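The sequence lines fix the lettering, A, B, ..., with proteins before strands; numbering per chain opens at 1. Since this is a predicted model, take the numbers as computed values, not measurements.
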Protein chains: 2
Amino acid sequence: MKPQVRNTKQKTCIQKIFQEAIGPLGISEIYALASKDVKGIGLATVYRVVGGLVDSGEIKKVNIPNAVEDVRYERSDTALHHHHFFCTKCNKTFDLTKCPMASDLNKFVLPGFKVDAHELTLYGLCANCHGKK
Amino acid sequence: MKPQVRNTKQKTCIQKIFQEAIGPLGISEIYALASKDVKGIGLATVYRVVGGLVDSGEIKKVNIPNAVEDVRYERSDTALHHHHFFCTKCNKTFDLTKCPMASDLNKFVLPGFKVDAHELTLYGLCANCHGKK
DNA sequence: ATTTTTGCAAAACATTTGCAGACAG
DNA sequence: CTGTCTGCAAATGTTTTGCAAAAAT
């Protein structure tokens, strides 16, 4: 008997946060944003709702190494496929519009290997930080 | 007064582990390997030595999202530039020999942005896991 | 000798889980 | 009503720190 899913204001709120998000979000950011809407929401609930959304495929986990929060989440359909740019000065994350990847990734692995997916992060300075030293 | 660095068997041992490593290592792997050599080594020491090696630039931190241990370390000079393949079945990590990246990454970011580095992980099945279903 | 490094234990964080009550359907 | 979801607190798991003893120079 698979448990039936219910809609709660906590879950709805977090879903809306992801709808409006401009980049991948860390747990503490989600918690802070959700707290404004649903006062008294528990951190454990944030973890549970986010985990549930990942399981249902609505959002997915992404890693932004060396960021303030390495583990982040974003909507699965934000783009069919996209990557991230991380500014090493202001610590903000931006979405790339294009994929800089070679066409057939299977050419880059050993024979017999099969590539299904990939994850890429670029590092550097964003337009704002690049100007001012 | 900058603290002067000293050589200890714990540090030497961990450095040797990285010399002989074939792929990026997680803390628990390093701890297990080091324990064979230096019996009684403390986990805190592993964290401290690894942290020190990162600070000195000898090794660097890499993230392999969705692996058993997301946070791993490898020698900075293992290759001037290389990436990883992660088998989603056996959870092993392999090094790529070539970089599948476009030549000028600056063409893929917004005007004013400057790309300094990038990190890539491919996912799929390794030769061994690909055969047997 | 002097100072860094170690191992242990405690502390600080991060994430997960048990449970009784609140809430959705 | 029935069973899921929430918030809290306790439990886990991971990484960091304080400190006295051990080790390096």
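Looking only at side-chain heavy atoms (C-beta outward), B/E58 and B/R75 stay at 4.5 Å or farther from each other. Two residues are said to be in side-chain contact when any heavy atoms from C-beta on lie closer than 4.5 Å; B/L122 and B/H83 fail this criterion. Residues B/D95 and B/P24 are in side-chain contact: their nearest non-hydrogen atoms beyond the backbone lie under 4.5 Å apart. For the pair A/L33 and A/I14, the minimum side-chain heavy-atom distance is 4.5 Å or more. Side-chain contact between B/L120 and A/H118 is present, with heavy atoms from C-beta onward closer than 4.5 Å.
Rounded to an integer number of Å, the gap from A/D55 CG to C/dT16 C1' is 14 Å. Regarding A/Q10, its CD atom lies at a distance of 14 Å from the C1' atom of D/dC8, rounded to whole Å. One atom, OH of B/Y31, and another, C1' of C/dC8, lie 11 Å apart when rounded to the nearest Å. The distance between atom CD1 of A/I27 and atom P of D/dT14, rounded to the nearest whole Å, is 17 Å. The CZ-P distance, from A/R72 to C/dT15, rounds to 12 Å in whole Å. One can place CD1 of B/I14 at 13 Å from C1' of C/dG7, the figure rounded to the nearest angstrom. For A/D70 and C/dC13, the CG to C1' distance is 14 Å, given to the nearest whole Å. Rounded to an integer number of Å, the gap from CD of B/E69 to P of D/dG13 is 14 Å.
For the residue pair B/E74 and B/V62, the shortest heavy atom distance occurs at OE2-CG1, 3.5 Å. Residues B/C129 and B/C87 come closest through the heavy atom pair SG-SG, 3.8 Å.
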Show the numbers, then the answer: is there a salt bridge (Lys or Arg N to Asp or Glu O under 4.0 Å) between A/E29 and A/R72? CA-CA 9 Å; A/E29 293 175 292; A/R72 286 162 182 275; 2.8 Å; yes
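Hydrophobic clustering of Ile, Leu, Val, Met, Phe, Trp and Tyr side chains at less than 4.5 Å, counting indirect connections, keeps A/L96 apart from A/L125.
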Heavy-atom protein contacts under 4.0 Å, nucleotides 20-25 of chain C, coded B base, S sugar-phosphate only, - none: ----BS
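The aromatic ring centroids of B/F113 and A/F94 lie less than 6.0 Å from each other.
The 12-atom threshold is exceeded at NZ of B/K60, counting heavy atoms of other residues, nucleotides or ligands nearer than 6.0 Å.
Annotation: the terminal axes of the helix from C/dA1-D/dT25 to C/dG25-D/dC1 meet at 30°, where each axis is the rotation carrying the C1' atoms of four end pairs onto the next four (5 pairs per end, rounded to 10°).
Listed in residue order, the members of residues 36-46 of chain B having a heavy atom less than 4.0 Å from DNA chain C are B/G40, B/I41, B/G42, B/A44, B/T45.
The shortest distance between the side-chain N/O atoms of A/Y47 and the OP1/OP2 oxygens of C/dT16 is not below 4.0 Å.
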